[in-house]
Q: 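Before I ask anything, here is the structure I am working with.
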Amino acid sequence: MKRLLKWSLVAILIALVVAALGLFIAYWRSTNECERYSATPKNPMKAILSCEYGVENLKLGEIEKPTPADNEVLVRVRAASVNPADGHMIRDSWLARLFAGLRKPKNIRFGTDFAGVVEAVGKNVTDFKPGDEVFGAKNGAVADYICVKADHAIVMKPGNITFEQAGSVGIAGVTALQGLRDKGHIQRGQIVLINGASGGVGTFAVQIAKAFGAEVTAVCSTRNVDLVKSIGADHVIDYTKEDFTKTDHRYDMIYDLVGNHGFSERRKILKPNGICVLAGIGGAGAHPETMGRIVGNFWNAFRSNFSKEKFVFYIAKLTKGDFAVLRDLMQSGKVSPVIDRTYKLEQTADAVRYMEEGHARGKVVVKID
């Protein structure tokens with residue numbers, strides 16, 4: 001038995017050393033393409049680059065202007081926006097490094113949401129032509145130009161909204177749509193509560209829920225009460241004065257972008273077979289509650305397997321079809337993107353810092369001249 005224990009401990013020690021060595025090697029081999037972009041481009045364009053972790057390392061640089069492949073569209077970007085997801089991927093934290101690169105960010109381009117004008121199309125593209133005004137989602141959107149596959153997340157921009165508004169839709173609009181429609185199974189006449197109604201996703205969620213015919217109760221702070229009323233909320237709860245879980249009201253769905261209440265608190269205000277959609281963890285940026293709320297979302301979804309009321313979480317998928325749905329909602333006037341602040345391209349780092357303060361009302365946009 002002593003011999004068995006001895007050799008077991010030796011095997012464990014060797015395994016730990018090998019794992020540590022492997023991690024060390026992976027760390028130092030983790031790099032990105034910033035050195036390739038250090039050469040002077042022949043056909044330059046401006047783009048925001050993230051060569052090192054940290055918002056302070058977001059830099060405006062010049063890289064080669066892309067050329068569209070046969071199935072791609074070249075878009076001259078007029079506006080883009082920043083999202084919590086963008087900030088998470090450049091944050092200097094162990095969690096970001098696990099997903100985005102151990103030593104340096106693997107993906108050095110920044111941003112996803114965009115709106116702009118088609119400058120050129122590949123020979124196989126028939127849905128778009130030069131001069132078309134479009135919006136959608138593509139990695140590296142905060143730049144003068146991007147190439148987007150024509151059958152991916154890009155659609156025509158409605159004429160009744162600005163480039164800044166269209167450039168703010170992307171992740172936030174799709175997240176709200178898929179959460180309410182696909183996870184919450186929203187139906188006309190339902191009573192829906194939206195916790196975190198004044199942020200980027202929240203302002204879309206209020207309007208989309210109303211477009212689907214729901215009665216909407218919005219939860220926000222005092223300074224945002226008038227805003228959420230103006231975009232269609234039927235009722236507003238000021239969380240600085242009232243706890244929305246301490247009520248006799250019952251809801252068909254809670255669309256929760258904050259996650260600041262427990263399982264039982266939210267379950268008791270759901271109708272039988274009601275759904276709580278776990279769509280966020282309370283604003284952008286890192287805060288002390290972040291990890292607890294992430295773990296809580298997983299735990300609450302698991303616990304709901306044993307109750308009539310369900311808690312579900314999800315990650316949005318940026319699809320062409322859903323951008324088309326959002327386009328039609330905006331074209332009809334049922335959804336109008338809310339813009340808090342607009343920044344210049346060279347002020348992108350400031351835009352991210354402001355967003356990560358967690359008090360943005362609607363979206364934060366980068367305008368590209």
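Scope of the values below: all heavy atoms of this structure, side chains included, with no hydrogens, waters or symmetry mates. Residue numbers start at 1 and run along the sequence shown. Since the structure is predicted, the reported quantities are computational estimates derived from the model, not experimental observations.
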Q: Would the number of heavy atoms belonging to other residues, nucleotides or ligands and lying under 6.0 Å from CG of Asp226 be above 12?
A: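 Counting other residues, nucleotides and ligands, CG of Asp226 stays at 12 neighbours or fewer.
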Q: If hydrophobic clusters are built by linking Ile, Leu, Val, Met, Phe, Trp and Tyr wherever their side-chain heavy atoms come under 4.5 Å apart, do Phe313 and Leu270 end up in the same one?
A: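 Yes.
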Q: Measure the acute angle between the ring planes of Tyr343 and Tyr354, then classify it against the limits of 30° and 60° as parallel, tilted or perpendicular.
A: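 Answer is tilted, since the angle falls between 30° and 60°.
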Q: Using side-chain heavy atoms (C-beta onward) and a distance below 4.5 Å, is Ser50 in contact with Asn57?
A: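 No, their side chains stay 4.5 Å or more apart.
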Q: Just checking, Lys157 and Phe163: is the charged tip under 6.0 Å from the six-membered ring centre and within 45° of the axis?
A: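 Yes, a cation-pi geometry.
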Q: What's the spacing between Thr217 OG1 and Asp234 CG if we round to 0.5 Å?
A: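 One finds 7.0 Å between OG1 of Thr217 and CG of Asp234.
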Q: Nearest heavy-atom pair of Ala153 and Val148: which atoms, and what distance?
A: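 Distance-wise, the nearest heavy atoms are O-CG1, 4.5 Å.
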Q: Looking at CD1 of Ile231 and CZ of Phe204, how far apart are the two atoms once the value is rounded to the nearest 0.5 Å?
A: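 So the gap between those two atoms works out to 9.5 Å.
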Q: Can you confirm whether Val125 sits close enough to Glu72 that some side-chain heavy atom of one is under 4.5 Å from a side-chain heavy atom of the other?
A: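 The answer is no; the side chains never approach within 4.5 Å.
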Q: Under 3.5 Å, side chain of Arg181 to main-chain N/O of Gly179, donor-acceptor pair present?
A: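 Pair absent, no side-chain N/O of Arg181 close to backbone of Gly179.
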Q: Glu309 pairs by salt bridge (Lys or Arg N to Asp or Glu O under 4.0 Å) with which of Lys271, Arg267, Arg303, Lys268?
A: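 Among Lys271, Arg267, Arg303, Lys268, the one that satisfies the salt bridge (Lys or Arg N to Asp or Glu O under 4.0 Å) with Glu309 is Arg267.
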Q: Answer yes if Phe114 and Val117 sit in the same cluster of Ile, Leu, Val, Met, Phe, Trp and Tyr residues linked by side chain heavy atoms under 4.5 Å apart, and no otherwise.
A: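 No, it is not one cluster - the side chains of Phe114 and Val117 are not joined through contacts under 4.5 Å.
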Q: Using distance alone, with no hydrogens and no angle criterion, decide if Asn297 and Asp256 have a side-chain donor and acceptor under 3.5 Å apart.
A: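 There is no such pair (donor and acceptor under 3.5 Å, judged by atom type) between the side chains of Asn297 and Asp256.
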Q: Is it the case that more than 12 heavy atoms not belonging to His235 sit under 6.0 Å from its NE2 atom?
A: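 Above 12, so yes.
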Q: Looking only at heavy atoms, which two atoms of Ile146 and Lys138 are closest? And how far apart?
A: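 So the minimum-distance heavy-atom pair works out to CD1-CB, 4.0 Å.
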Q: Considering non-hydrogen atoms only, spot the tightest contact between Ala209 and Ile194 and give its length.
A: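 Distance-wise, the nearest heavy atoms are CB-CD1, 4.4 Å.
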Q: Show, in sequence, the C-alpha distance, side-chain angles and deciding distance for Asp132 and Asp127, and conclude whether the side-chain contact (heavy atoms from CB on, under 4.5 Å) test is met.
A: CA-CA 10 Å; Asp132 284 345; Asp127 294 339; over 6 Å; no
Q: State which residue, out of Asn195, Leu278, Leu193, fulfils the side-chain contact (heavy atoms from CB on, under 4.5 Å) condition with Arg266.
A: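 Only one option passes, and that is Leu278.
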Q: Taking atom NZ as the centre, does Lys210 end up with more than 12 heavy-atom neighbours from other residues, nucleotides or ligands that are less than 6.0 angstrom away?
A: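 Yes, enclosed.
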Q: Consider only side-chain N and O atoms of Arg361 and Asn224, and report whether a donor and an acceptor are under 3.5 Å apart.
A: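 The criterion, which ignores hydrogens and geometry beyond distance, is satisfied for Asn224 and Arg361.
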Q: So Phe110 and Val352, do their side chains get closer than 4.5 Å, heavy atoms only?
A: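 Touching, per the 4.5 Å side-chain cut-off.
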Q: Find the distance between CG (Asn160) and CD (Gln165) and round it off to the nearest 0.5 Å.
A: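 The distance works out to 8.0 Å.
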Q: Please check if the side chain of Arg109 supplies one atom and the backbone of Gly140 the other of a donor-acceptor pair under 3.5 Å.
A: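 At least one qualifying donor-acceptor pair exists.
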Q: Between Lys363 and Asn83, do the side chains contain a donor N or O and an acceptor N or O under 3.5 Å apart?
A: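 Per modelled atom types, Asn83 and Lys363 side chains form a pair under 3.5 Å.
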Q: Do Thr319 and Val174 come close enough that some side-chain heavy atom pair is under 4.5 Å?
A: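 No, their side chains stay 4.5 Å or more apart.
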Q: Which atom pair, heavy atoms only, marks the closest approach of His185 to Asp182?
A: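 What the structure gives for the nearest pair is CE1-O, 3.0 Å.
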Q: How close do Pro68 and Gly122 get, counting heavy atoms only, and between which atoms?
A: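 That would be CB-N, 4.4 Å.
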Q: Are the side chain of Arg293 and the backbone of Val258 linked by a donor-acceptor contact shorter than 3.5 Å?
A: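 Yes, Arg293 side chain to Val258 backbone: donor-acceptor pair under 3.5 Å.
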Q: Is any side-chain heavy atom of Thr247 less than 4.5 Å from a side-chain heavy atom of Ile269?
A: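 Thr247 reaches Ile269 side chain to side chain.
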Q: Tell me, yes or no, whether the heavy-atom count around Phe298 atom CZ, taken from other residues, nucleotides or ligands under 6.0 Å, exceeds 12.
A: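 Result for CZ/Phe298: open.
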Q: What distance do Thr240 atom OG1 and Glu242 atom CD have between them, rounded to the nearest 0.5 Å?
A: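 Taking OG1 in Thr240 and CD in Glu242, the distance rounds to 10.0 Å.
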Q: Go through Asp144 and Ile368 one step at a time and tell me if the side-chain contact (heavy atoms from CB on, under 4.5 Å) criterion holds.
A: CA-CA 7 Å; Asp144 285 339; Ile368 303 170; 3.6 Å; yes
Q: Same hydrophobic cluster for Ile339 and Val206, using side-chain heavy-atom links shorter than 4.5 Å among ILVMFWY?
A: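 No, Ile339 and Val206 fall in different hydrophobic clusters.
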Q: Please check if Val338 and Leu177 belong to a single hydrophobic cluster, counting links between Ile, Leu, Val, Met, Phe, Trp and Tyr side chain heavy atoms closer than 4.5 Å.
A: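 Yes, it is one cluster - the side chains of Val338 and Leu177 are joined through contacts under 4.5 Å.
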Q: Keeping Lys59 on the side-chain end and Glu56 on the backbone end, is there a donor-acceptor pair under 3.5 Å?
A: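 Yes: the side chain of Lys59 pairs with the backbone of Glu56.
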Q: Closer than 3.5 angstrom, by distance alone: can the side chain of Lys334 be matched with the main-chain N or O of Gln331 as a donor-acceptor pair?
A: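 Checked: no pair found.
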Q: side-chain contact (heavy atoms from CB on, under 4.5 Å) between Leu326 and Val335: does it pass, once the steps are laid out?
A: CA-CA 8 Å; Leu326 292 166; Val335 170; 5.7 Å; no
Q: Can you check salt bridge (charged side-chain N to carboxylate O under 4.0 Å, His left out) on Glu64 and Lys42, steps first, answer last?
A: CA-CA 7 Å; Glu64 198 70 35; Lys42 295 179 180 179; over 6 Å; no
Q: Flag yes if more than 12 heavy atoms outside Lys46 fall under 6.0 Å of its NZ atom; otherwise flag no.
A: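 It does not: Lys46 NZ has 12 such atoms or fewer within range.
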Q: Taking it one step at a time, do Val155 and Lys320 satisfy side-chain contact (heavy atoms from CB on, under 4.5 Å)?
A: CA-CA 7 Å; Val155 297; Lys320 190 180 187 74; 4.1 Å; yes
Q: Please name the pair of heavy atoms, one in Ser307 and one in Phe263, separated by the smallest distance, quoted to 0.1 Å.
A: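 Result for this residue pair: OG-CZ, 4.1 Å.
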Q: Working to the nearest 0.5 angstrom, can you tell me the gap between Gln190 CD and Asp252 CG?
A: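 Reported value, rounded in 0.5 Å steps: 4.5 Å.
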Q: How long is the span from the CZ atom in Arg223 to the NE2 atom in His359, to the nearest 0.5 Å?
A: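 Between Arg223 CZ and His359 NE2, I get 7.0 Å after rounding to 0.5 Å.
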Q: For Thr67, is there any backbone N or O sitting under 3.5 Å from a side-chain donor or acceptor partner on Tyr145?
A: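 It does not hold such a pair.
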Q: Centroid separation under 6.0 Å, is that true for the rings of Phe244 and Tyr239?
A: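 Between Phe244 and Tyr239, which both carry aromatic rings, the centre distance is not below 6.0 Å.
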Q: Relative to each other, are the rings of Phe302 and Phe306 parallel, tilted or perpendicular (30° and 60° limits)?
A: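 The arrangement is perpendicular - the two ring planes meet at more than 60°.
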Q: Is it the case that more than 12 heavy atoms not belonging to Lys65 sit under 6.0 Å from its NZ atom?
A: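 Check passes, neighbour count above 12.
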Q: Would you kindly confirm whether Val236 and Ile208 end up in one hydrophobic cluster when ILVMFWY residues are joined by side chain heavy atoms under 4.5 Å apart?
A: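 Different clusters.
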Q: Distance-only, no hydrogens or angles: does the Asp113 side chain make a donor-acceptor pair with backbone N or O of Ile171 under 3.5 Å?
A: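 At least one qualifying donor-acceptor pair exists.
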Q: Does atom NZ (Lys310) have a neighbourhood of more than 12 heavy atoms from anything else shown, all under 6.0 Å?
A: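 Yes.
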Q: When you compare the side chain of Ile186 with that of Met253, does any pair of heavy atoms fall below 4.5 Å?
A: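 Met253 vs Ile186: side chains touch.
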Q: Under 3.5 Å, is there a donor on one side chain and an acceptor on the other for His261 and Asp243?
A: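 Yes, side-chain donor-acceptor contact under 3.5 Å.
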